[in-house]
Amino acid sequence: MGNVLTDKERNSLLSHLNNTGIFVTLGRKTPNIMVAHFLLQGKMWGRDVFVLPIRSSKYSYQIITQTKSFALNVPCRDMRGEIARCDTISGFSCNKFQELGLHPKRAREIEAYVLGECGLIVECNVIAQIPPDAIATFNDAKISSHTLFVGEIATTYKLN
């Protein structure tokens with residue numbers, strides 16, 4: 001499919017994001033899954049990007065700073081149960097793929113796995129990392145505790 005989302009794919013991704021969340025997979029040697037309930041999508045520096053916020057206390061933060069990549073995984077069926085469970089367990093203490101009964105597949109262009117249960121996959125390479133202290137002087141701990149990872153779309157494709 002390439003490195004650009006169609007309007008239909010973008011709408012599907014944003015709809016899932018706003019309604020239930022989407023899975024984000026990171027890493028190959030030490031893979032992990034997290035759930036995103038918010039992120040930014042658009043053009044930056046002439047590139048199609050997603051901006052993914054992650055707290056430095058998260059296992060996913062350790063992985064993304066090493067691999068400089070992540071994959072967005074949009075469910076093709078109702079996965080509210082898996083999304084809710086994923087939000088409550090830590091990759092520090094378990095293998096989330098096994099814990100959630102999900103089937104990893106090797107990503108095509110990045111150092112990660114993707115979820116076999118998902119339809120639309122968006123693989124991204126991190127091109128910028130914006131630390132919390134560079135964002136602004138927010139007094140809101142939810143905002144000020146996140147690093148923003150700017151990921152350029154490497155490829156998009158459908159599994160199912």
Side-chain angles (χ1 to χ4, degrees), residues 12-41 49-136 138-157 159-160:
S12 174
L13 187 149
L14 295 174
S15 174
H16 277 86
L17 185 70
N18 292 328
N19 292 321
T20 59
I22 61 172
F23 293 104
V24 179
T25 50
L26 310 105
R28 187 173 65 185
K29 293 178 186 171
T30 56
N32 193 42
I33 306 169
M34 62 176 268
V35 173
H37 295 284
F38 53 94
L39 53 82
L40 299 173
Q41 185 274 322
V49 299
F50 282 93
V51 180
L52 177 67
I54 303 178
R55 290 184 185 167
S56 62
S57 61
K58 300 293 186 181
Y59 186 53
S60 293
Y61 177 88
Q62 290 182 4
I63 297 169
I64 198 170
T65 56
Q66 293 171 358
T67 65
K68 305 291 188 219
S69 61
F70 60 90
L72 306 175
N73 301 257
V74 181
C76 58
R77 63 176 172 82
D78 184 355
M79 297 185 77
R80 283 179 279 190
E82 292 90 338
I83 287 171
R85 176 80 175 119
C86 188
D87 265 347
T88 65
I89 57 178
S90 171
F92 281 122
S93 60
C94 71
N95 178 321
K96 287 188 179 184
F97 289 93
Q98 291 174 349
E99 185 74 23
L100 298 169
L102 299 175
H103 301 91
K105 293 185 176 282
R106 180 72 176 93
R108 293 182 182 173
E109 294 192 20
I110 64 170
E111 188 180 338
Y113 289 95
V114 298
L115 299 177
E117 289 78 9
C118 289
L120 176 62
I121 305 296
V122 181
E123 296 182 15
C124 297
N125 287 306
V126 173
I127 58 173
Q129 182 176 329
I130 305 166
D133 61 352
I135 296 170
F138 291 109
N139 291 325
D140 185 338
K142 285 183 180 179
I143 297 170
S144 63
S145 63
H146 287 82
T147 296
L148 302 179
F149 292 91
V150 180
E152 180 180 15
I153 298 174
T155 189
T156 64
Y157 53 93
L159 288 178
N160 299 321

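Along the sequence shown, the residues carry numbers beginning at 1.
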*Asks:* Quick one: side chain to side chain donor-acceptor pair (under 3.5 Å) partners of Q66, sequence neighbours excluded?
*Replies:* none

*Asks:* Rounded at 0.5 Å granularity, tell me how far NE2 in H16 sits from CD1 in I22.
*Replies:*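 H16 NE2 to I22 CD1: 9.5 Å, rounded to 0.5 Å.
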
*Asks:* Say you draw a straight line from NZ of K58 to OG of S90; how long is it, rounded to the nearest 0.5 Å?
*Replies:*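 Separation between the atoms: 7.0 Å.
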
*Asks:* I would like to know whether V35 and F23 meet side-chain contact (heavy atoms from CB on, under 4.5 Å); could you show each step before the answer?
*Replies:* CA-CA 5 Å; V35 173; F23 293 104; 4.3 Å; yes

*Asks:* Please, which pairs that meet ring-ring contact (aromatic ring centres under 6.0 Å, His included) have at least one residue in residues 64-91, sequence neighbours excluded?
*Replies:*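 Counting only pairs at least two positions apart or across chains, no ring-ring contact (aromatic ring centres under 6.0 Å, His included) contact touches residues 64-91.
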
*Asks:* Between I130, V51, T65, which is the residue that forms a side chain to side chain contact (heavy atoms under 4.5 Å, CB included) with F149?
*Replies:* T65

*Asks:* What closest approach, in Å, do L159 and C118 show between heavy atoms, and which atom pair accounts for it?
*Replies:*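 Answer, listing the atom of L159 first, then C118: CB-O, 3.4 Å.
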
*Asks:* Can you check whether I54 reaches T147 side chain to side chain, under 4.5 Å on heavy atoms?
*Replies:* no

*Asks:* Supply the atom-to-atom distance T25 OG1 to I110 CD1, rounded to the nearest 0.5 angstrom.
*Replies:*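 So the gap between those two atoms works out to 6.0 Å.
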
*Asks:* Nearest 0.5 Å please: distance from the CG atom of N19 over to the NE2 atom of H37.
*Replies:* 11.5 Å

*Asks:* Closest approach of G91 and N32, non-hydrogen atoms and distance?
*Replies:* CA-OD1, 3.4 Å

*Asks:* If you apply the rule side-chain contact (heavy atoms from CB on, under 4.5 Å), what do you find for E111 with K68, and how did you get there?
*Replies:* CA-CA 8 Å; E111 188 180 338; K68 305 291 188 219; over 6 Å; no

*Asks:* A36 and L17: which non-hydrogen atoms are nearest, and at how many Å?
*Replies:*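 Heavy-atom minimum between the residues: O-CD1, 3.3 Å.
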
*Asks:* Does any N or O in the side chain of E109 come within less than 3.5 Å of the main-chain N or O of T155, such that one atom is a donor and the other an acceptor?
*Replies:* no

*Asks:* Looking only at heavy atoms, what is the nearest atom pair of R80 and T20, with distance?
*Replies:*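 Looking at all heavy atoms of both residues, the closest pair is CG-CG2, 3.3 Å.
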
*Asks:* With sequence neighbours excluded, give me every salt bridge (Lys or Arg N to Asp or Glu O under 4.0 Å) pair touching residues 86-99.
*Replies:* R85-E99

*Asks:* In sequence, state the C-alpha distance, the side-chain angles, and the governing distance for S12 and V74, and then conclude on side-chain contact (heavy atoms from CB on, under 4.5 Å).
*Replies:* CA-CA 8 Å; S12 174; V74 181; 4.0 Å; yes

*Asks:* Is any side-chain heavy atom of F50 closer than 4.5 Å to a side-chain heavy atom of L13?
*Replies:*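 Contact flag for F50/L13 side chains = yes.
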
*Asks:* When you look at I33 and Y113, which way does the side-chain contact (heavy atoms from CB on, under 4.5 Å) test go after all the steps?
*Replies:* CA-CA 9 Å; I33 306 169; Y113 289 95; over 6 Å; no

*Asks:* With sequence neighbours left out, what residues match R28 under side chain to side chain donor-acceptor pair (under 3.5 Å)?
*Replies:*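 Here no residue qualifies.
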
*Asks:* Please confirm whether the backbone N or O of L115 pairs with a side-chain atom of N73, one donor and one acceptor, at under 3.5 Å?
*Replies:* yes

*Asks:* Only pairs at least two apart or in different chains count here, so list each salt bridge (Lys or Arg N to Asp or Glu O under 4.0 Å) that has a residue in residues 146-156.
*Replies:* R47-E152

*Asks:* Ignoring hydrogens, what is the shortest heavy-atom contact between C124 and I153? Give both atom names and the distance.
*Replies:* SG-CA, 4.2 Å

*Asks:* Are side-chain heavy atoms of E117 and M79 found at a separation under 4.5 Å?
*Replies:*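 They are in contact (side-chain heavy atoms under 4.5 Å apart), so the answer is yes.
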
*Asks:* Rounded to the nearest 0.5 Å, what's the gap from NE2 on H146 to OH on Y61? Could you check?
*Replies:*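 With rounding to 0.5 Å, NE2 (H146) is 12.0 Å from OH (Y61).
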
*Asks:* Measure across G21 and I83 and return the closest heavy-atom pair with its distance rounded to 0.1 Å.
*Replies:* O-CD1, 3.3 Å

*Asks:* Go through the structure and list residues passing ring-ring contact (aromatic ring centres under 6.0 Å, His included) with Y59, not counting sequence neighbours.
*Replies:*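 Applying ring-ring contact (aromatic ring centres under 6.0 Å, His included) to Y59 gives F92.
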
*Asks:* Using a 3.5 Å distance criterion without hydrogens, assess whether the side chain of R106 forms a donor-acceptor pair with backbone atoms of A112.
*Replies:*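 Confirmed, R106 side chain pairs with A112 backbone.
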
*Asks:* Do the side chains of V114 and P104 get nearer than 4.5 Å, heavy atoms only?
*Replies:*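 Sidechains of V114 and P104: no contact.
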
